[in-house]
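What follows is a set of notes on a single structure, which appears directly below.
Atoms within each ligand, like the ligands themselves, are counted from 1 in listed order.
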Amino acid sequence: MRTEQPKMIYLKDYQAPDYLIDETHLTFELFEDHSLVHAQLVMRRNPERGAGLPPLVLDGQQLELLSVNLADQALTAADYQLTDSHLTLQPDSATFTLDTTVKIHPETNTALEGLYKSGSMFCTQCEAEGFRKITYYLDRPDVMSTFTTTVIAEQHRYPILLSNGNPIASGPGEDGRHWATWEDPFKKPAYLFALVAGDLWCVEDTFITMTERTVALRIYVEPENIDKCQHAMTSLKKSMRWDEETYGREYDLDIFMIVAVNDFNMGAMENKGLNIFNSSAVLARAETATDAAHQRVEAIVAHEYFHNWSGNRVTCRDWFQLSLKEGFTVFRDSGFSADMNSATVKRIQDVAYLRTHQFAEDAGPMAHAVRPDSFIEISNFYTLTVYEKGSEVVGMIHTLLGAEGFRKGSDLYFERHDGQAVTCDDFIKAMEDANGADLTQFKRWYSQAGTPRLAVSESFDAAAKTYSLTFRQSCPETPDKVEKLPFVIPVELGLLDAKGEGIALRLAGEAAAGATSRVISVTEAEQTFTFVDIAEQPLPSLLRGFSAPVKLSFPYSRDQLMFLMQHDSDGFNRWDAGQQLSVQVLQELVGQYQQGQALHMDQRLIAALRSVLSDETLDQAMVAEMLSLPGEAYLTEISEVADVDAIHAAREYARKQLADNLHEELWLRYQANRELSKQTPYVAAAEHFARRALQNIALSYLMLSAKPEVLAATLDQFDTSDNMTERLTALAVLVNSPFEAEKAQALAVFADNFKDNPLVMDQWFSVQAGSPLPGGLERVKALMDHPAFTLKNPNKVRALIGAFAGQNLINFHAADGSGYRFLADLVIQLNGFNPQIASRQLAPLTRWRKYDSARQALMKAELERILASGELSSDVFEVVSKSLA
Ligand code: B3K
Ligand code: ZN
C-alpha cells in the first residue's frame, strides 16, 4: 500500500544513475517465518554524471534493515536516512563496497512480487520493480551488474536451489540445511534476477547450438506434473533453433531452466537463464490441455526464450522503453508461431485480438502511446498497446524495409547494443543505419496514442484507364492531448479484375507494371495514388495481411465483400471480407432489434458461409475462423454507443439462422472430423488443430438446434474423447444448452475427474463463468464457494471473475448494475492483497463511456466507490482515477 500520494513519473525527467553497481553478491537464508538477504554491492560513481559524490539513494520497500556497512565500516542510524521506500547514505569515495542485511517475509507476501511462496516453493518476480522488495538496490534497468547468488535452505523441504546463470558450488550446511551458489557472468538489471527453492522434479534435455556448444535444458515442476512437460521442452528446442536460423541468435549460458509455479501474476518471466512460468504456460498434455493451451505454451516458451537477446542481452534504459523489448519480442514470437503453424490463421487470430482489445484500450481512458511519456505505476503499462501494438509497429518496419533489410537492422542492433540498456530510438537508429533509411516520421507510432482511421475512396476513369485511391488519415484525440500528426501507414494492396484475378500494378510515373500485390506508404493526411493501364473498374483489396494497425474503411457493398471472400489471393483479406460482411449484417440486425422489429437476416451471409463450408480445398482452420462471427466485444468496440442487449440478441439470432440453414453441411463436416479424431491419437500440430477447430465450432452451431442426435454426439464426444480439446468443447456446448440434466451430470463428472488438477479446474470455472444463459452472476457467486476456488490464486481469479466480466457481456452488463457492483467489491478486496491483479480485473469498468447513460452512471458509481474505499494501491488508484478523469 502506498503511504504517500502517488506521483506521476515522466520520461522527460530521465537522468542516468548517479552510481553504478559492477558486482552483486547475494546470500539468501530461507526460513519458514522469515528470510534474510545479505547483499554485497561493488559500486562506483557513474563517470557520466561528473565529479562530486552525491548521496546514494537506494530503493527498498517492505524491508527490515538489520545492518549496513559502507566500505567495511558499520553504519549507525545516524549515518543514513531510512524511509519506507529509500535508504540514503553518503559515500566518501568514488568506488566502494556496500553490505546490507535485511529481513523479509516471503511467507506472507500475497502480492506475488519480490520473493514469495507459491505453495511450498520459494520463487521470485522482480519485473518491473520487485527487486526492491528483496534488498536495497538501484532498482532500475539501466543499472546492470553481474550477480552471484547463494541460497541456503532446509535440505529436506527445498532440495532444489536455483538462481540465474551457471551453478558453481553447492554443499551441506548445519541443522539439515544445504546451500548452492550460482554465478551469472552477464551483466543484467535487477528485474531479471530470479531465485527458486523447492521440492521439484525436472525433465532434462540438451540443445546443441550453432557453434556446437551443448546447453543443458531443464524444466522444473512439482512432482505430480512431471508428465506434462514434454510439449514445453519441444517448444523450447524449436525456439532455440528458430532464433538461430531466423535472427542468428545463439544461446549464451551452459544451462537454460524453466520453473513452473502455480501462483503467478502473469504468463511468464524471462529471468536470465531461469525463466519462471505460470504453470498454465508450461504444462500441457492431450488429456488436460486444449489445442489453444498447447499453442499458448509454445508461444510463451518462445517469447521468454527470445527475450534472452531482445530484453536481456540488450535491455531497456528505463520503463518508458518497455515496448523496446516487449513489442519486438511479441513480433518475434508471432513470426515463430506463424512458421510452426498456419501463418494466415495466426495472423487472423492476432488481428482479431488486437482489434477487439487493443483498439478498445486505445480508445479508452488508459490510452497511451507505445512509448508512454508518463505513468504512476509501471505495472499498469504491461498493456496490449505496449505488447501487441508495439509488435505491429515493429511489423510495419519489417514491411517497409523487407525481410532482408529488417534482418540487417536487427543484426546491427544486437551487435551495437549488446550489454547495454537502450531506447526505442536506438532500435530505430539501427534499422535506419543498416538500411540507409529515414524513419523520422515513422517514429510517430511510438509517441502518438490512439488508433488511426484510414478512409479510402476510389475513382475510375475508363477513358484514361486510370484508377485512383484516395486515403484520408486521422487519429482521434486521446487523454494525453498530444497533437496527432500524420503517421506513415504502409498499406499492402491489390486490385482484382472481374474474374477475381490480380492486376499487375503500375503507379502513374512508373516505367513498368510490377507484381499484383504491393505496399504503398500513406504519409500525408490526404493522399491519392493513381494506377494506370486499368482497363475495367477493379475491386481493391486493401490492407492485406493487416499491414498497419488502423481502422480502414472503404464503401464495399455486400456483393463485393462476398467476391473478395471467394477470390482475394490474400488469405487474411478473404477472412476479413467475411468479417466485414458479418459486421454489416449484424449491425443491421442490431438496428432491427432497436426498432422493435422482427429480425430478418441478409441471406447472403448464409450463402457465403455455405460455400466456405463446402469448399474441401480450404484449410480447415480457415473455415473455422470464417465461421466464427465477430464477437460481442468487437461489436461493442466498433459501436458508438454499445447496446449490450441488441448486440447479444442480434448475434445469437444470426448464429441460430446459420445453424438452421447450414445444418446439413455442419453435420457432415462434424461427423467426418469427429470420426478422424476417434481414429487418430492426439497430435499437437497445425493440421490436427485445424481439424478439431472445425469439428468443435460445427458442434457448437449444431447444438443450437437442440436435436437429440446432436445431444447424443455431444455426450459421446464428452465421454469418449481422449483429449481436452474435444472434451472441453463438449462440456461448453452442454453448459450453454437447454439440457439441464445432462449439463449438471457432465459438470459433476468433469469436476470429479479433474479435482486434483488446478489448471483443468480453471477451465471448468471459465466455461461456466462465460455462459450467456440467464443467472450468470448467481452462478459465479456460487462457484466462488467451490472448494477449488480461491481469490489468492491469480489463475482462479482470471478463470472465474475475468471470464465473467470480460467475456460474459450480457450477464456482466445486467441493467440493474449487479455485475458492476460485484466486480467493484472484488477489486476492493483484491486491492488489499494483490494490487496488480486488482488493477487488471478493473479494466471492464473503465470502458463505461461505451454504454448507454443508465449503465454509464452505474459503472461510474462503482468506480467512485472504489476510489473512496480506503487506501488504494498505486496500481488501482491510477486506473480508477484516470477512468474517472
Ligand atoms: N516481461 C514479463 C512481464 C513482466 C510483467 C511485470 N508486471 C513477461 C514477458 O513479457 O515476457
Ligand atoms: Zn515479454
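Sorting the N, O or S atoms of E326 by how far they are from the Zn ion (ligand 2) puts OE1 first.
Y247 carries R332 over the face of its six-membered ring, with the cationic atom under 6.0 Å from the centre and within 45° of the normal. Seen from the ring of F193, K188 does not count as a face-on cation partner, given the 6.0 Å and 45° thresholds.
Remark: minimum distance from atom 3 (C) of ligand 1 to any protein heavy atom is reached at Y387 OH, 3.5 Å. Annotation: atom 8 (C) of ligand 1 to nearest protein heavy atom, A268 O, 2.9 Å. Of the protein's non-hydrogen atoms, the one nearest atom 11 (O) of ligand 1 is E304 OE1, 2.7 Å.
Remark: ligand 1 atoms within the under-4.0 Å shell around heavy atoms of E270 are 1 (N), 2 (C), 8 (C), 9 (C), 11 (O). Interface atoms of ligand 1 facing K325, defined by a heavy-atom separation under 4.0 Å, are 1 (N). When each atom of ligand 1 is checked for a heavy atom of M269 under 4.0 Å away, the hits are 1 (N), 2 (C). Taking a cut-off of under 4.0 Å to the non-hydrogen atoms of H307, the atoms of ligand 1 that pass are 9 (C), 10 (O), 11 (O).
Expressed to the nearest 0.5 Å, how far OG of S839 lies from CE of M366 amounts to 7.0 Å.
A salt bridge links R313 and D418; the closest N-O separation between the charged side-chain nitrogens and carboxylate oxygens is under 4.0 Å. Taking a cutoff of 4.0 Å between a charged side-chain nitrogen and a carboxylate oxygen, K325 and E127 qualify as a salt bridge. Taking 4.0 Å as the cut-off between side-chain N and carboxylate O, D243 and K238 do not count as a salt-bridged pair.
For a threshold of 3.5 Å applied to N or O pairs, the pair formed by S379 and ligand 1 contains no separation below that value. An N or O contact shorter than 3.5 Å links E127 to ligand 1 by distance.
Taking the six-membered ring for Trp and the full ring otherwise, the centers of F122 and F28 sit at least 6.0 Å from each other.
With the Zn ion (ligand 2) as vertex, H307 NE2 and H303 NE2 subtend 100°, rounded to 10°.
Side-chain atoms of N275 come within 3.5 Å of backbone atoms of N271 as a donor-acceptor pair (strictly under, hydrogens ignored).
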